[in-house]
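One structure, pasted below without further comment.
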Amino acid sequence: MKLIKKLTALLAVLALSVTAYAAEPAAPDTTAKSAILINADTGRILYEKNDHEKMYPASMTKMLTAMVVLDNMDINDTITVDSSINEVPWDSSKAGIAVGEVITVENVIRGLIIPSGNDIANAAASAVAKRALGSNITYAEAEKYFTDLMNQKARGLGCTESNFVNPHGYHDDNHYTTAYDMSLIAQAAMQYDAIREVASEIKFTGNSAGKQKYNVDGKTAEYSWYSHNELLLNGANYYENATGIKTGFTDKAGDCLAASATEGNENLIAIIMDSEDPGRWQDAKNLFDWAFENYDIIEYRQAGVAATAALSGNNRLKGDTVDLVIENSLSEYMTAEEAASVEVEIVYDNGGDTLIAPAEKSAKVGKLVFKLNGETIGEEDAYTAMEVKKANIFNTAAYYLKVFVSKTTARENLKYTAAVIIIVIILIIISVIRKKRRERYRIRGNYRSSSSVYDTSRVNTKGRRRRRNRDKYNKYK
């Protein structure tokens, strides 16, 4: 299937007829109230449904929690569980940890993702806050400090429609997000090796302190945690390309899912919000299948000549355009039809609409902006493929002479040129004949006497005739 997709893409890029607007392949229907599908590597949105509508993230929140923990602690660090675990609501999902237990940060991430423990989320938030503020703070103070970090992290990722007030996602009216913001969070989370590895695990069985269990002060415990992500589990909702990430549920949020999948070099992320089981699993699978079938990483511009610039103030004998070169090839996750429809816009460094001469060969003269359906998908610096010389009076005159000769000798203009030449010749002949006739009439009029005999005296006095002409006329005397 990959080979067929690549061949199709290549043929589409080389097609002679290209439409100005590339129609997207029809996406499948989803039961989710809000959903989005993106390419995890490029961030390109492939599908969206109410993706900017305010929603509740439930335990998908823990992806953000995990990132904040890893930003502030090393993967091999340990935390000691404190009484913060008693602050979670009684009906929360829990990892089953106890006060005083020692847990590695690596297993904290596991406890957040696999069993979706609200208790371990509190313990992690408290540990991060106490490291920064001291051990005497209350959990309320710790939670405030940690959620401030969460909101700062989210804003740094480009999330402008979210607010987080706890580290676990238990419902709070002021704890909200959108599918779009959650896609940014999920995309960033999968850049963390620890989160990406844990997200694909279907279970964890082992000691809370891992290999450090004999070298820590405090008690450790053995745990068996099992994933709630049915895309990873053998069963009706299993999906062979699934790689994670996080489930979520509250009465207000409904069934939610941050799902990831990989096929070859294609990495996708789907956010499904408020889609009642088994809808969330089927929505994710349908979106993944649709994208894998229709999209691929396609090189839509190769390094080398990528555009042609119009010139001004240049030596027109060398032409009125120059090729522009880019140094890097450009790729995007797109359909074959889209690859053939990519348009290029030249933005000149001089701020004008043309490239002003002179310019050296390989000189940077601006940038090329590549657009698909009006949206920018890539930019590259543009360099001249050859030297552009400035115009002067000599090459300008030579250019216009060349144009004149070229136009008059062009095959399609030969009949008109011949007609003009013939007319000019006729006019010249007529002019010569008329001139001779006038000359003849003038001579006769000037030198004929009243008795119709030529009077040569005027010729002699005015000196207007050569001697042989005077002799000619004297014979009539």
Side-chain angles (χ1 to χ4, degrees), residues 22-64 67 150-151 153-164 169 171 173-191 199 229 231 242-250 252-261 266-277 279-292 294-295 332-335 338 372-377:
E24 296 181 356
D29 293 330
T30 56
T31 62
K33 185 176 181 181
S34 177
I36 191 171
L37 176 70
I38 67 168
N39 178 274
D41 299 312
T42 67
R44 186 186 176 197
I45 298 173
L46 309 174
Y47 172 86
E48 51 191 332
K49 177 182 179 181
N50 303 324
D51 56 319
H52 292 283
E53 184 173 334
K54 180 180 176 180
M55 304 292 289
Y56 299 112
S59 285
M60 291 192 297
T61 299
K62 296 184 176 79
M63 294 186 294
L64 181 57
M67 285 192 286
M150 292 173 68
N151 286 308
K153 180 72 173 181
R155 286 192 294 271
L157 296 174
C159 302
T160 60
E161 304 167 322
S162 301
N163 189 64
F164 301 95
H171 181 74
D173 286 345
N174 203 34
H175 188 98
Y176 57 84
T177 189
T178 63
Y180 175 78
D181 278 6
M182 287 309 300
S183 73
L184 299 178
I185 291 170
Q187 182 186 17
M190 292 298 277
Q191 301 301 312
N229 189 345
L231 296 179
T243 58
I245 312 172
K246 188 73 192 73
T247 60
F249 171 80
T250 66
K252 292 289 185 71
D255 294 310
C256 302
L257 175 65
S260 61
E266 302 175 55
N267 301 300
L268 305 177
I269 289 175
I271 303 296
I272 310 297
M273 305 192 78
D274 197 0
S275 180
E276 185 176 354
D277 279 350
R280 60 175 164 175
W281 315 114
Q282 196 59 51
D283 283 348
K285 290 163 67 174
N286 289 344
L287 288 174
F288 289 149
D289 283 342
W290 167 74
F292 287 140
N294 291 284
Y295 290 80
E332 180 58 82
Y333 192 66
M334 56 175 52
T335 66
E338 288 175 331
L372 177 63
N373 298 336
E375 295 185 5
T376 299
I377 60 172

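Because the structure is predicted, anything quoted here is derived from the model rather than measured. Only heavy atoms go into these numbers, but all of them, side chains included; no hydrogens, no water, no symmetry mates.
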Gap separating the CG atom of Leu257 from the NZ atom of Lys246, nearest 0.5 angstrom =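 Answer rounded to 0.5 Å: 9.5 Å.
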message = I need the minimum non-hydrogen distance between Gly169 and Thr61, along with the two atoms involved.
response =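 In this case the closest contact between Gly169 and Thr61 is CA-OG1, 3.5 Å.
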task = Would you give the length of the straight line joining atom CE of Met182 to atom OG of Ser34, rounded to the nearest 0.5 angstrom?
result =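 Reported value, rounded in 0.5 Å steps: 11.0 Å.
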query = Which atom names give the shortest non-hydrogen contact between Thr178 and Glu53, and what distance separates them?
reply =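 Reported closest heavy-atom pair: CG2-O, 3.4 Å.
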Shortest non-hydrogen separation from Tyr333 to Ala291 and the atoms involved = OH-O, 3.5 Å
request  = May I ask you to check whether Trp281 and Asp277 show a side-chain donor-acceptor distance below 3.5 Å?
outcome  =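 Asp277 and Trp281 do have a side-chain donor-acceptor pair below 3.5 Å.
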ask   = If we only count heavy atoms from C-beta on, is the Thr177 to Met273 side-chain gap below 4.5 Å?
value =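 SC-SC contact between Thr177 and Met273 confirmed.
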message = Give me the atom names and distance for the closest heavy-atom approach of Pro25 to Trp290.
response =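 For Pro25 and Trp290, the tightest heavy-atom pair comes out as O-CZ2, 3.4 Å.
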task = Measure across Asp283 and Ser275 and return the closest heavy-atom pair with its distance rounded to 0.1 Å.
result =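 For Asp283 versus Ser275, the nearest heavy atoms are OD2-OG, 2.9 Å.
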ask   = Got Asp173 and His171 here, is their nearest side-chain heavy-atom distance under 4.5 Å?
value = yes
request  = Please check if atom NZ in Lys33 has more than 12 non-hydrogen atoms from other residues, nucleotides or ligands closer than 6.0 Å.
outcome  =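 Atom NZ in Lys33 is not crowded, with 12 or fewer foreign heavy atoms closer than 6.0 Å.
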request  = Kindly compute the distance separating CG (Asn267) from OG1 (Thr243), expressed to the nearest 0.5 Å.
outcome  = 7.0 Å
task = Check the pair Glu332 / Thr42 against side-chain hydrogen bond (donor to acceptor under 3.5 Å, both in side chains), numbers first and verdict last.
result = CA-CA 7 Å; Glu332 180 58 82; Thr42 67; 3.3 Å; yes
Side-chain touch Thr31/Glu276, heavy atoms, less than 4.5 angstrom = no
From CD1 (Ile38) to CD (Gln187), nearest 0.5 Å = 4.5 Å
inquiry  = Can you confirm whether or not the ring centre of Tyr56 sits under 6.0 Å from the ring centre of Tyr176?
reply    =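 No, they do not, as the ring centres are separated by 6.0 Å or more.
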request  = Would you kindly say whether Asp181 and Ser162 are connected by a side-chain donor-acceptor distance under 3.5 Å?
outcome  =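 Yes.
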Non-hydrogen atoms of Asp274 and Gly254 that approach each other most closely = OD1-CA, 3.9 Å
key: Spacing of Glu338 atom CD and Asn294 atom CG [to the nearest 0.5 Å]   = 9.5 Å
key: Reported NZ-to-CG distance for the pair Lys49 and Leu37, which is rounded to 0.5 angstrom   = 14.0 Å
request  = Decide yes or no on side-chain hydrogen bond (donor to acceptor under 3.5 Å, both in side chains) for Thr247 and Asn229, but give the supporting numbers first.
outcome  = CA-CA 6 Å; Thr247 60; Asn229 189 345; over 6 Å; no
ask   = Under 4.5 Å between any side-chain heavy atoms of Asn286 and Thr30, yes or no?
value = no
message = Are the side chains of Ile245 and Met63 in contact, using a 4.5 Å heavy-atom criterion?
response = yes
task = Please work out which of the three classes, parallel, tilted or perpendicular, describes the rings of His52 and Tyr180, given edges at 30° and 60°.
result =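 Judged by the thresholds at 30° and 60°, the geometry between Tyr180 and His52 is tilted.
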inquiry  = side-chain contact (heavy atoms from CB on, under 4.5 Å), that's the test. Do Phe164 and Ile185 meet it? Break it down for me.
reply    = CA-CA 13 Å; Phe164 301 95; Ile185 291 170; 3.9 Å; yes
ask   = Distance-only, no hydrogens or angles: does the Asn163 side chain make a donor-acceptor pair with backbone N or O of Asn174 under 3.5 Å?
value = yes
ask   = Would you call Glu161 and Lys54 a side-chain contact if the rule is heavy atoms closer than 4.5 Å?
value = no
task = Determine, stepwise, if the pair Leu46 / Leu287 fulfils side-chain contact (heavy atoms from CB on, under 4.5 Å).
result = CA-CA 9 Å; Leu46 309 174; Leu287 288 174; over 6 Å; no
key: side-chain contact (heavy atoms from CB on, under 4.5 Å) evaluation trace for Arg44 with Met334   = CA-CA 9 Å; Arg44 186 186 176 197; Met334 56 175 52; 3.5 Å; yes
